[in-house]
Structure formats: structure tokens, C-alpha cells
There are 2 protein chains.
Amino acid sequence: MHLYCFNMTLSEEDYIKSIYHLSEFNSKSVATNAIAEQMKTKPSSVTDMVKKLSEKSLVNYKKYQGVSLSEKGRLVALSIIRKHRLWEVFLVDKLNFSWDEVHVVAEQLEHIKSDALIDKLDAHLGYPKVDPHGDPIPNKDGVFTKSIKKLISELPVGSQGVCVGVNDSSAAFLKFLDKNKIALGDTFKILEREDFDGSVTISTRAGSINISKQIATNLFLEIVDEE
Amino acid sequence: MHLYCFNMTLSEEDYIKSIYHLSEFNSKSVATNAIAEQMKTKPSSVTDMVKKLSEKSLVNYKKYQGVSLSEKGRLVALSIIRKHRLWEVFLVDKLNFSWDEVHVVAEQLEHIKSDALIDKLDAHLGYPKVDPHGDPIPNKDGVFTKSIKKLISELPVGSQGVCVGVNDSSAAFLKFLDKNKIALGDTFKILEREDFDGSVTISTRAGSINISKQIATNLFLEIVDEE
DNA sequence: ATTTAATTTTAGACAAACCTAAATAATTGT
DNA sequence: ACAATTATTTAGGTTTGTCTAAAATTAAAT
Ligand SMILES: [Mn+2]
Ligand SMILES: [Mn+2]
Ligand SMILES: [Mn+2]
Ligand SMILES: [Mn+2]
């Protein structure tokens, strides 16, 4: 697989990644305009590139019918995503970046071409399974455990996951999270839910705390499916 | 200074770095052909690029008169070299690469654009002063201490010193050194020089070995004792 | 079922970075 | 000094990835 990646340009890699993300959840073919919007380019440019990727058997493409990744293309996408997420872990864990600063830098680092580098980085980081945003990191062969992002209010008691985002990004809410030692990347377990007010007891590293229904409807957990 | 770096292409950065290295020791203007050879491109391509760099005030250029870096260009070069060498330290110290493997990877990493990244990397590495090949790492402002090192080929018989750097950082050369158990930090003494081929016999911890003139012109010693 | 609107593709052009071949300037040898 | 050699630049062309404007196709509305 790595053989195919080596003669890919930065632009080709970005298109492949874009197509992957656009078809990540709805597995239909992706529209030209959708790619153009994501890539911040024009539909005509997308058509040109898609033809080229089709030529290289990285995508399935028929005029006016949209585009989808081939198996080869999917593996290329996953190898780029692997690199992106490993670099994000590095930036947060080793260089003390905060979770919201790493994406733009990782967008550059993901294009560095060296299998040895990525293998050694993976080892250096202790073979992490998820990135700082709770997204799963594919292994060398593109295999990863699918994860689902859900609000705490929507999850059953017993669920466990990594806190990956907020619905309400107001300063007041973020301050509340800080005060209760809740940070993105923390792992929580839902211990109990009160029927009468919808409040939820969750376990954190610091201990267990009770959060109101309003809080529970504003915190996303990334559930790591272990099977 | 960093302001100017941001709209530079990868290719422009490589040319600037190339011109810097070609005028590092002989501070005269650099020839078009010399750049072409270093960049593995054609003289006509160099002329095109040099015009563009001149337009951007990164080099001083007059037709047929060669080219030299402007102060602005010199600072750009040093910021790239800083990044290159910091990444090399990272690869060796943190990821356990060997010193002969890091150059090619650093050639890619040096182009990543993020001041925060390089500052945090510098801190993470403990503000190293030299890279794995003994070359000095410029600080944020392009200041660095020029080391007082000499090539074995330029030293008289009887000289003794610590191996602190290489002139040729090609993987082939560094591999040769490894094979002969020559590493940075080792102490050598120059025992004998053959007039007819310029080869030199040096004593190492492992014993005494004879190195060719070509090797002798590529190994730097920091002199301890000169007789 | 047509007409209208939105989407997608084609045609033609442009900038960046490279090339070959030819012209021009600088250097060298005698 | 002047011819020969070498170095450098110009002219014209290619590839990659982008663009605008116009044509073709598909989808939506009446
Ligand atoms: Mn990201
Ligand atoms: Mn991420
Ligand atoms: Mn190097
Ligand atoms: Mn180095």
C-alpha cells in the first residue's frame, strides 16, 4: 500500500482525505460541489483532479455521477489520517499544545513522507488509540476501531468515553468545566442518571461528580466500541 | 522577520538555503551553475528563480555577476537551518533515529510553517546548541556560535581533538563512519600522513586506522592539543 | 411534460517551476 | 589581442493545479 503513496502530490493527498471525510458517514458517492466547498476551490478544479485520481485508480468516477474512493484510495486516506492524528497526539502530549491549536499544524505534518518516521513516532507516543479530539487512529494497515460521538444526555448508564467536545462554547460553560476539572481528552464513565431531573453522575480521574441535565446535553463523549 | 517567511514556497526556501550553504565559507557571490548543481536542476531554472528571489529582495543579483543573499535572505536561510537542525535533534534524541538517517526526513520537516511549533520543539529538546552532526543551531534571531573546528586534512601530524562534525552529511558517508566505529565525541590523534595520496592514520579507542584523503576532508575535529 | 434551476463538465487561460535549444556574455589560452 | 571555451541568460514549451466563462447534463417545479 505504501508503494502507491509515494508519488502522490500534496494536493492529491488533500483531495483524497477530503473525499474520505465527506463519505465517512453517508457512504454514497460525493458531489463535486461538496468537494469544492471543503477544499475551498472551484467545481471545475475538482473535476480536473477527480479525473486524475480516477486515472490512478484512487477513486471511482463517472461523469455527472459523483465520486467515491476505491479500496486503494481508502487506504491512502487512512494512512494520511493516521499521520495527522499521531502528530496531533505528539503536539498535545509532548509539546504541550492545547487541543484547539493542533489541527492546522497537523494539516502540514500529515504530508511528511517517511514510514520510519511515523512508526517511530507511534512507538514514542506509546501506540495511542485516539487523538486529542477522541478520534481513532488507524494502524499501519488502515484498521481502526470505529467510534461514535454522542451527548452524555443520550448515552445509557455504564457508557464510557473520551470527552471530545462541547455543544455550548460560552465562556461560562467552559469555566464550569474547568472548575469541575473536566477537560477535553478526559475519560468519563456514566455511573447513574436521576430520573426526576435528568442529572448524571460521572466518574472522572478526580473522583465522581454530578452534572445537571443542561450540562449533559452540552458535552460530547466519543464512545470507543471495543468489539 | 518571520513575516517574510510565510509567503515563501518550498522551492524558494530550498534555493535560499542552497545559496546560504554555497556562500557559507567563501563569502563571494555564488555562481548560477553551482546552485544548479546543488539543487539538481538546470542553470536556466536557476536564473528564473534568482530573478524571482531578487524581486522579493531576498538576494542581490546582477546579470552574469552571480548572486548573494541579502540580510533578509540570510535570516530566512538561518530560520530554515534552525528548523532543520532542531528536527534532526528530535529525530535522534526522541525517536532513536541514527545520525545518518535524519537528514532526508529533516529536509521535509524544515518546511513546516509554525513559529509556535519550533519554539515548543526547541524547549522540548532542552534548547540544544548543536545538531547530531555537530553543526550549530541558530536561535530565533539567527544568532549562533561559530565553532572553531578544523578538517583532519588541514591539521598537522600530532594534532589531537574531538570529532565534532562532518562536512558531507550524506547517508553513505555517515554509514561509513558507523562501520569504522567513528562517532561524534570520539577523541582522535593524527599519527601519520602519507604524502603520495594524502591518506591519514589516526588513533581511535578501537585502535589505529588509515583514512583516505577524501574522508579526511570531511571530518571536523575540535582541537585539544596541537603540536 | 415542459420549463426552470442547479450541478457538473469543457474550453481556454494563467502562474509556478521546470525543461531544451539557441543566443549572449565572460573567461581563458596562446 | 583574439579565438576558443565556459558560464549565463533568453526564448519557447511542458506539467500541475488553479481560475472564469460557457456549454452540457441532471434535478426540481410548475
Ligand atoms: Mn485534526
Ligand atoms: Mn483530530
Ligand atoms: Mn541535515
Ligand atoms: Mn545536520
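No experiment lies behind these values; they were computed from the predicted model shown. Chain letters run A, B, ... following the sequence lines, proteins first and then strands; every chain starts at 1.
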Each nucleotide in nucleotides 4-12 of chain C should get exactly one letter: B, S or -. Can you fill that in based on protein heavy atoms under 4.0 Å?
---SBBB--
Evaluate whether atom CD of B:Glu154 has more than 12 neighbouring non-hydrogen atoms of other residues, nucleotides or ligands under 6.0 angstrom away.
yes
Rounded distance in Å - [atom1] ([X]) to [atom2] ([N]):
| X | N | atom1 | atom2 | value |
| --- | --- | --- | --- | --- |
| B:Met8 | C:dA16 | CE | P | 13 Å |
| B:Ile35 | C:dC18 | CD1 | P | 12 Å |
| A:Lys40 | D:dC19 | NZ | C1' | 18 Å |

A:Glu88/A:Arg85 salt bridge by N-O under 4.0 Å criterion:
no
Side-chain ion pair, B:Asp115 and B:Lys140, N-O less than 4.0 Å:
no
Got a second to check how far A:Ile19's CD1 is from A:Asp14's CG, nearest 0.5 Å?
11.0 Å
Would you mind classifying the nucleic acid contact of A:Ser11 as base, sugar-phosphate or nothing, using non-hydrogen atoms under 4.0 angstrom?
sugar-phosphate
What one should report as the nearest heavy-atom pair of B:Val105 and A:Ser114 is CG2-OG, 3.9 Å
So does A:Thr9 get a side-chain nitrogen or oxygen closer than 4.0 Å to the phosphate oxygens (OP1/OP2) of D:dT16?
no
Paired with B:Glu110, the salt bridge (charged side-chain N to carboxylate O under 4.0 Å, His left out) test is passed by just one of B:Lys17, B:Arg82, B:Lys83, namely B:Lys17
